[in-house]
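Notes for the one structure printed next.
These numbers come from a predicted model, not from an experiment.
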Amino acid sequence: MNQMVTPKFGVGAPLRRKEDEPLITGKGIYTGDYMPDGCLHGVVVRSAMAHAKIKVENADDIREMDGVHMVLTGVDVAGKSLLTAARIKQLDGTHYEAPPQPLLCEDTVRFVGDAIAFIVADDLNLAKSAAEMLEIDYEPLDVVIGIENALDPDAAKVWPELGTNVSFTLGHGDQAKTQEAFSKAHKTVSIEVVNNRIVVNYMELRGCVAEYDTPGRRFKLTLGTQGGHGVRDILCSTLGLEASEIQVITPEVGGGFGTKAFCYREYPLAMIAARSLERPVRWAGERMEHFVTDAHGRDNLTHAELALDENNRILGLNVHVKAAMGAYLNQFGPFIPYLGASMASGLYDIPAVFAKIDGVYMHTVPTDAYRGAGRPEAAYVLERLIDKAGEETGLGPIEFRKLNFIRADQLPYTTQTGRLYDTGDFAGHLDKALEVVDWDGFKARQAESAQSGKYRGIGICSYVEACAFAGSEEATLELDDKGSLTLLIGTQTNGQGHDTAYSQVVAEQFGVSIEDVTLIQGDTDRVRKGGGTGGSRSIPIGLPSVRDASVSLVKKVKELAADKLEAGIEDLELESGVVRVVGTDQQVTLAEIAASTGETLSAREEVAQSENTYPNGTHICELEIDPETGDITVANYVIVDDFGVTVNPLLLTGQVHGGVVSAISQALCEHTVYDEEGQLLTASLLDYQLIRAADLPDIHFETRNIPSTTNAMGIKGAGEAGTIGGLAAVMNAIQVALKDGAGVEEVFDMPATPLRVWDAIQAAR
């Protein structure tokens, strides 16, 4: 790889996050810290049953309680609903029907947690008390839980008027071409795997504060989002408003992971109440409420099959994804498995691919984007299947991968699902990871573990993902008469370090410290437009616009300075807040230049990207299993990634570590369980396990970067990559340990909880 000198502040500099000091000293302001004068408190009354006809009996009595200001029921907000934004043509060319998600259910509830009423009172305890006194008559209806159960023709229907629980049937690739490939196959290899349902559990729970300016006929909504402009636009369509009538403010956000990108019912409900009562209305979610209301992630059942020729090269890939949608199609819900299936062929040269996706309704919380949004699911299926093919052909996991990888001389390469991989060296990062992990020494380590009564396994995942989706992000840079630089951009940090990364580029152009740059996000009044944060887009899509805006503003500054200093533009340099004639003491400050114009100097740029970027890499996990308890210890974890140009290696490492931890947590312990009546049995952190820091190994991470040709700065994106590479690496390692140690032949699936591991060992014995 090419070596380069790391600049002091610019792209490539390993700078510590400038955001950290206020956050760790308690100076960060979150939605929960905002309490305007006269604020009232709202509580949502949620369904206790998964499927039932309902009738609210005593709403008028509750309205008469002292301190209760409002009780909204389905009748009061009839016709106001949230609609999915994912409208995709089905395989047959039609568009699927998408029943609306009402702000409050009028007569039927469809999952435990479905919204029935919104009560507003003087304080939170009073609102909760009033909610408990609201009488709801339930007439139970049949419930269906589980993908296979929901697909039974005799199953209860979530939406009886549709006559089926199949919400849509989508597809990628060429079915006829793939069938022909399988007809010529010398051998086929198949697998069926589960991608378990995830409850996201960010640290900061959702909440909002709605205010209404009656004279100005305008809302102000404060809440944690992944992009205020997107939330504002959905609120406009839900409430029949114009964008100019809503200001969305996003303060600090304590984690998003996809799930805070969406508009939830509480936001328009609080706005309706604030306008009617002419007082601010606050809603604050609680942890158990989060479990039964905020969109869940994953929950796929997938069958995949490879067709191989006599030389063990892949002829075709057939994939059938059954994706649980929950009771409603959420904001981007249908798009998630569709996006994932577009990455079905991974890093492999597969001449025929067909992927079919069936969305499935059931009486649960809706699903939507969660870190990686479909791409971890796709990589998991394929890399489990590739390991199985390596075993069944006798080539093993390394040689089978190398035999079928897309070669460097085949790039750029268009997959059968239309993905255009521009750069990469896939065998190269696999070889480097094998070297770092000491693959050749594994058998000796496995023998040592066996002597201690432990099973040892090692697993690979070589992945590619699509991110930084085609589009653009406007950036505006301002210089005021105090010499202060302010950047305005419509992405939204949720802890990723945008302020540091963006400031590095501005500082590089102006010759100042990153502390001299102020970032403005999260205010739809101050920032004209924005695509928000998701799909690892903020740095790859946002940073080129930041760079170009910086270059444009520097040009303006130099032109003004050249007149003042009577020098040529080419003779000027910017450093430490001044413009200086090179080699002289003639200089003028940025503040003086800005003040001389009588107005704020600014530059606005928007760099468009026409194709996605494709980060890729190899993860290798090595672990031990205690057969007496089923406990798993991750002993070693190695990552070699290609992220193109690295903006800040410290931020990059943090993002990758966070993604890997998400994957390890899902693989080993996160388990969302509903009973047959639709009650969520894992509805608190007492019942739903998350990985702990003490359970994690040291993670070796390095890059083997080849710049992207589709991104203006060569960046490929990294926010989700750790999750995408992690799932299969962990589970392939567990499969090896269980097979070699206990003779477990069946495909072992997530989550690998101690009980499930122990049960598999006992069954094999």
Side-chain angles (χ1 to χ4, degrees), residues 1-21 23-24 371 423-425 428-429 432-433 435-437 463-465 467-468 491 493-509 513-515 517 519 533 536-544 546-547 550 613-620 636-663 696-708 711-726:
M1 300 298 100
N2 294 330
Q3 299 295 315
M4 60 179 291
V5 176
T6 300
K8 182 178 180 182
F9 291 120
V11 171
L15 302 182
R16 293 187 178 276
R17 288 163 38 113
K18 60 186 288 192
E19 298 93 331
D20 286 349
E21 190 275 333
L23 295 179
I24 63 178
R371 198 168 193 168
T423 64
D425 180 5
H429 54 62
K432 183 60 178 177
E435 173 192 330
V436 174
V437 83
Y463 78 95
V464 61
E465 71 143 322
C467 69
T491 55
T493 187
N494 303 153
Q496 298 93 333
H498 290 184
D499 197 356
T500 300
Y502 290 149
S503 295
Q504 284 183 239
V505 169
V506 178
E508 182 178 30
Q509 295 298 324
S513 165
I514 62 171
E515 304 297 337
V517 182
L519 174 65
T533 290
S536 304
R537 74 181 297 275
S538 294
I539 299 306
I541 299 296
L543 207 59
V546 173
R547 181 198 60 183
S550 301
T613 61
Y614 295 95
N616 57 90
T618 293
H619 289 219
I620 301 181
N636 192 15
Y637 203 102
V638 169
I639 306 168
V640 180
D641 276 325
D642 174 4
F643 289 133
V645 170
T646 295
V647 176
N648 182 319
L650 293 183
L651 296 181
L652 177 63
T653 300
Q655 286 292 292
V656 172
H657 282 188
V660 171
V661 171
S662 294
L696 298 169
D698 288 335
I699 298 171
H700 175 93
F701 166 62
E702 63 179 85
T703 55
R704 198 174 185 278
N705 291 334
I706 301 174
S708 168
N711 179 265
M713 294 179 67
I715 305 165
K716 290 183 177 176
E720 297 156 298
T723 312
I724 294 162

Hey, does the side chain of [X] reach the backbone of [Y] with a donor-acceptor pair shorter than 3.5 angstrom?
X: T646; Y: P649; answer: no
X: Q504; Y: G10; answer: yes
X: Q496; Y: N494; answer: yes
X: R17; Y: G495; answer: yes
X: R371; Y: G719; answer: yes
X: T723; Y: G659; answer: yes
X: T423; Y: P707; answer: yes

Can you give me the closest heavy-atom contact between [X] and [Y], atom names plus distance?
X: P540; Y: P544; value: O-CD, 3.0 Å
X: Q509; Y: S550; value: CG-CB, 3.6 Å
X: P14; Y: N648; value: CA-OD1, 3.8 Å
X: G717; Y: F643; value: O-CD2, 3.3 Å
X: D425; Y: I706; value: N-CD1, 3.7 Å
X: V647; Y: L543; value: CG2-CD2, 3.6 Å

Distance in Å, [X] [atom1] paired with [Y] [atom2], rounded so as to fall on 0.5 Å steps:
X: I715; Y: T613; atom1: CD1; atom2: OG1; answer: 9.0 Å
X: L15; Y: I514; atom1: CG; atom2: CD1; answer: 5.0 Å
X: N711; Y: C467; atom1: CG; atom2: SG; answer: 9.5 Å
X: H429; Y: H619; atom1: NE2; atom2: NE2; answer: 9.5 Å

Contacts of type side chain to side chain contact (heavy atoms under 4.5 Å, CB included), residue E702, not counting sequence neighbours: K432, V436, V640, H700
Could you give me the CA-CA distance, side-chain angles and deciding distance for I539 and M713, then say whether side-chain contact (heavy atoms from CB on, under 4.5 Å) is met? CA-CA 10 Å; I539 299 306; M713 294 179 67; over 6 Å; no
Is the shortest heavy-atom distance from the side chain of Y637 to the side chain of I620 under 4.5 Å? no
Under 4.5 Å between any side-chain heavy atoms of T500 and L651, yes or no? yes
Under a 3.5 Å cutoff, is there a donor and acceptor pairing between the side chains of [X] and [Y]?
X: S538; Y: Y502; answer: no
X: T493; Y: E19; answer: no
X: E465; Y: N616; answer: no

Aromatic ring pairing F701/H657, orientation class (parallel under 30°, perpendicular over 60°, tilted between): perpendicular
Can you pull out every salt bridge (charged side-chain N to carboxylate O under 4.0 Å, His left out) where at least one residue sits in residues 638-657? Sequence neighbours excluded, please. D642-K716
Side chain to side chain donor-acceptor pair (under 3.5 Å) partners of D499, counting only residues at least two apart: K18, S503
